[in-house]
Amino acid sequence: MTENPAATPTPTPTARQRLGYVLGRTLPAEFHDWVVADTTGPGATRRYATRCLIPLIPILAGLLLIPGPWIIRTGMVLLLFLPFVYFLLALKNIYLRHRLVSHGLDPRLLNATKQRRLDQEQASYESRYRSAP
């Protein structure tokens, strides 16, 4: 009996391997499909932002505990948080591309979904407006 490759589940890393992945370690080759889904799939931006913002929370909480007026404490937090989020989102593609390259994957996979969508839009446009005479 032949096995359907689409029906075989993608192996997922263990909790220890995921922690290492979050901290920057590379996963074995058997998890390449999971890495691609993690960096390019739905929710990739949300996961990336969450992984980067969680270590910042204790620092921001510590700044809120410094004695002084609330406006000063809030200002310190915002002066750290807003540029951090700005650069976090600005450098997202660079970081995710690095993540793919460090696992030995093609960095063009990052734009594959976007390219597929553009190709579908172009085909739809051509079928609608460029009909053959």
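Along the sequence shown, residues carry numbers from 1. Just the heavy atoms: all of them, side chains too, but no hydrogens, waters or symmetry mates, feed the values below. Only a predicted model underlies this, so the values are computations on that prediction, with no experimental measurement involved.
Neither Ile72 nor Trp70 shares a network with the other; the hydrophobic side chains, linked directly or stepwise wherever heavy atoms of I, L, V, M, F, W or Y lie under 4.5 Å apart, form separate groups for each. Both Tyr95 and Val85 sit in one connected hydrophobic cluster of ILVMFWY residues. Membership requires side-chain heavy atoms under 4.5 Å apart, directly or through other members. Under the 4.5 Å side-chain heavy-atom criterion for ILVMFWY residues, no single connected hydrophobic cluster contains both Tyr86 and Phe81. Hydrophobic clustering (ILVMFWY, side-chain heavy atoms < 4.5 Å, transitive): Ile94 and Val35 are in distinct clusters. Both Leu78 and Leu53 belong to a common hydrophobic cluster when Ile, Leu, Val, Met, Phe, Trp and Tyr are linked at side-chain heavy-atom distances under 4.5 angstrom.
Side-chain atoms of Thr74 do not come within 3.5 Å of backbone N or O of Ile71 as any donor-acceptor pair. Between the Tyr48 side chain and the Leu88 main chain, a donor and an acceptor come within less than 3.5 Å of each other. Side-chain atoms of Arg99 do not come within 3.5 Å of backbone N or O of Thr26 as any donor-acceptor pair. No donor-acceptor pair closer than 3.5 Å links the side chain of Arg97 to the backbone N or O of Leu110. At distances below 3.5 Å, not a single donor-acceptor pair connects side-chain atoms of His103 with backbone N or O atoms of Ala29.
Contact record, Pro28 with His32: O-CD2, 3.9 Å, taken as the closest heavy-atom pair. Considering every non-hydrogen atom in both Pro55 and Ile59, the closest pair reads O-CD1, 4.2 Å. When all heavy atoms of Leu63 and Met76 are compared, the closest pair comes out as O-CE, 3.6 Å. Taking both residues in full, the closest heavy atoms of Thr45 and Lys92 are given as OG1-NZ, 3.2 Å, listed atom of the first, atom of the second, then distance.
Side-chain contact between Thr40 and Leu96 is absent, with no heavy atoms from C-beta onward closer than 4.5 Å. Between Pro13 and Trp34 there is a side-chain heavy-atom pair separated by less than 4.5 Å. Contact of the Arg16 side chain with the Tyr21 side chain is not registered, since no non-hydrogen atoms from C-beta on lie closer than 4.5 Å. Counting only heavy atoms from C-beta outward, the side chains of Pro11 and Phe31 approach each other to under 4.5 Å. Taking 4.5 Å as the limit, every side-chain heavy atom of Leu100 sits out of range of all side-chain heavy atoms of Asp106. Between Thr14 and Gln17 the shortest side-chain heavy-atom distance falls below 4.5 Å.
Within a 6.0 Å sphere centred on CZ of Phe84, other residues, nucleotides and ligands contribute more than 12 heavy atoms. Heavy-atom contacts from other residues, nucleotides or ligands closer than 6.0 Å to CZ of Arg25 number 12 or fewer.
Donor-acceptor pairing under 3.5 Å is recorded for the side chains of Arg128 and Ser124.
Ion pairing between a basic and an acidic side chain is recognised when a charged N comes within 4.0 Å of a carboxylate O; Asp38 and Arg18 show no such pairing.
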Practice item. Apply side-chain contact (heavy atoms from CB on, under 4.5 Å) to the pair Thr39 and Leu105, showing each step before the final yes or no. Key: CA-CA 11 Å; Thr39 56; Leu105 298 167; over 6 Å; no
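Interatomic distance, Gln115 CD to Leu109 CG, rounded to the nearest 0.5 Å: 12.5 Å. To the nearest 0.5 Å, atoms CG (Leu60) and CG (Leu65) are separated by 11.0 Å. The CG atom of Leu80 lies 5.5 Å from the CG atom of Leu56; values are rounded to the nearest 0.5 Å.
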